[in-house]
Amino acid sequence: MTTFREAVVNDPAGTLLALDFDGTLAHIVDDPTQAYAHERSVAALGRLGRVLGQVAIITGRPVDQALELGGFDGFAGLDRLIILGQYGAERWTAGDGVPAQLERPEAIARLLDRLPGWLVERGGDNVRLEDKGLAVAIHTRGLAPDLLATLAGPLSELAADLDLAVEPGRQVIELRLPGVDKGSALKGLVDEMNARHVIFAGDDLGDVPAFDAVDELRRSGLDGLLICSASTEQDALVSRADVVLNGPDEIAIWLGELADEF
């Protein structure tokens with residue numbers, strides 16, 4: 001019986017490799033502006049980009065952040081790379097140049113006006129706010145360990161009041177526009193390239209829709225592989241993954257080994 005890896009090696013042009021960024025290609029760090037992609041992963045993606053049908057990054061980050069922290073633009077072998085930012089609301093293809101800045105939605109502008117005072121009233125005055133343009137991330141890493149759980153319910157109520165979606169993560173809660181997720185973004189790429197094999201790697205709750213999408217695609221006959229970049233902070237994907245790796249370091253090794261097959 002042909003293994004998944006053998007199927008990919010035999011049909012690289014029919015393969016879509018899609019990966020999350022934070023926690024998968026880059027280590028989670030206290031300051032998200034310093035979360036640079038693992039150099040060995042980027043090098044392996046450059047090798048894979050020469051042979052696979054498509055390599056893509058699907059991330060909650062804005063595209064410009066992923067480009068800056070990943071060093072993907074102009075990297076040898078990634079001349080066809082696609083980055084879907086903010087869960088698929090933004091798209092960049094290698095060679096497109098600097099992505100255009102999207103207009104901030106009114107609901108996000110209202111949220112940014114309200115949040116600082118709202119957080120102070122609830123003991124979250126030291127929380128770090130990250131303005132993503134189409135979303136706002138509330139980071140609690142390095143603060144009281146129970147602060148995120150304390151804020152989760154009230155933030156969900158605030159999001160509902162503003163008609164925003166809630167995206168929980170590792171020491172972060174993000175409030176963003178509804179209607180897009182990594183699952184729909186991934187399925188769009190599969191349809192676009194008529195992929196026969198799809199690999200998705202992720203680490204956090206925001207990647208659950210992509211895992212759901214691969215499961216759905218497999219039921220329809222597509223060849224799929226799910227990879228969990230595991231951590232002590234989040235285990236929701238472990239039981240669902242075909243391959244469980246210990247964070248970005250082992251992801252880099254796995255990508256390098258796959259590239260060695262060609």
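Note that the coordinates shown come from a computational prediction; the quantities given were computed from them, not determined experimentally. Quick note: numbers below take in every heavy atom, side chains included, and nothing from hydrogens, waters or symmetry partners.
Atom CD of Glu192 has more than 12 heavy atoms from other residues, nucleotides or ligands within 6.0 Å. Residue-environment remark: CD (Gln34) exceeds the threshold of 12 foreign heavy atoms within 6.0 Å.
A salt bridge links Arg141 to Glu233: at least one charged side-chain nitrogen sits closer than 4.0 Å to a carboxylate oxygen. By the 4.0 Å N-to-carboxylate-O rule, Asp113 lies too far from Arg110 to be salt-bridged with it. Here Arg240 pairs with Asp212 in a salt bridge; the nearest charged N to carboxylate O distance falls below 4.0 Å.
For the pair Pro32 and Leu69, the tightest heavy-atom approach, listed with the atom from each and the gap, is O-CD1, 3.7 Å.
In this structure a side-chain-to-backbone donor-acceptor pair under 3.5 Å is present from Thr150 to Asp146. A donor-acceptor distance shorter than 3.5 angstrom exists from the side chain of Thr3 to the backbone of Glu6, with no hydrogens or angles considered. In this structure a side-chain-to-backbone donor-acceptor pair under 3.5 Å is present from Gln234 to Ala236. A donor-acceptor contact shorter than 3.5 Å links the side chain of Ser229 to the backbone of Gly23. Side-chain atoms of Arg47 never come within 3.5 Å of backbone atoms of Ala43 as a donor-acceptor pair (strictly under, hydrogens ignored). Arg80 places a side-chain N or O within 3.5 Å of a backbone atom of Gly49 that can act as its donor or acceptor partner. Of the possible polar contacts, one joining the Asp207 side chain to the Asp204 backbone as a donor-acceptor pair under 3.5 Å is found.
A 4.5 Å side-chain heavy-atom check between Leu17 and Leu45 finds at least one atom pair inside the cut-off. Within the 4.5 Å cutoff, the side chain of Leu129 has heavy atoms near those of the Ile138 side chain. In this structure, the side chains of Arg61 and Glu130 come closer than 4.5 Å at one or more pairs of heavy atoms. Side-chain contact between Leu52 and Val8 is present, with heavy atoms from C-beta onward closer than 4.5 Å. Residues Val190 and Val214 are not in side-chain contact: their nearest non-hydrogen atoms beyond the backbone lie 4.5 Å or more apart. Within the 4.5 Å cutoff, side-chain heavy atoms of Lys187 are placed close to those of Leu217. Looking at heavy atoms from C-beta onward, Asp22 lies out of side-chain contact with Gln65 at the 4.5 angstrom threshold. Counting heavy atoms from C-beta outward, Ile83 and Phe21 have side chains that stay 4.5 Å or more apart.
Within the structure, the side chain to side chain donor-acceptor pair (under 3.5 Å) test picks out the following pairs touching residues 151-166 (sequence neighbours left out): Arg114-Asp161. The side chain to side chain donor-acceptor pair (under 3.5 Å) contacts involving residues 245-254 comprise His27-Asp249, His38-Asp249, where partners must be two or more places apart or lie in separate chains.
The one candidate from Glu174, Glu90, Gln86 that meets the side chain to side chain donor-acceptor pair (under 3.5 Å) condition with Lys132 is Glu174.
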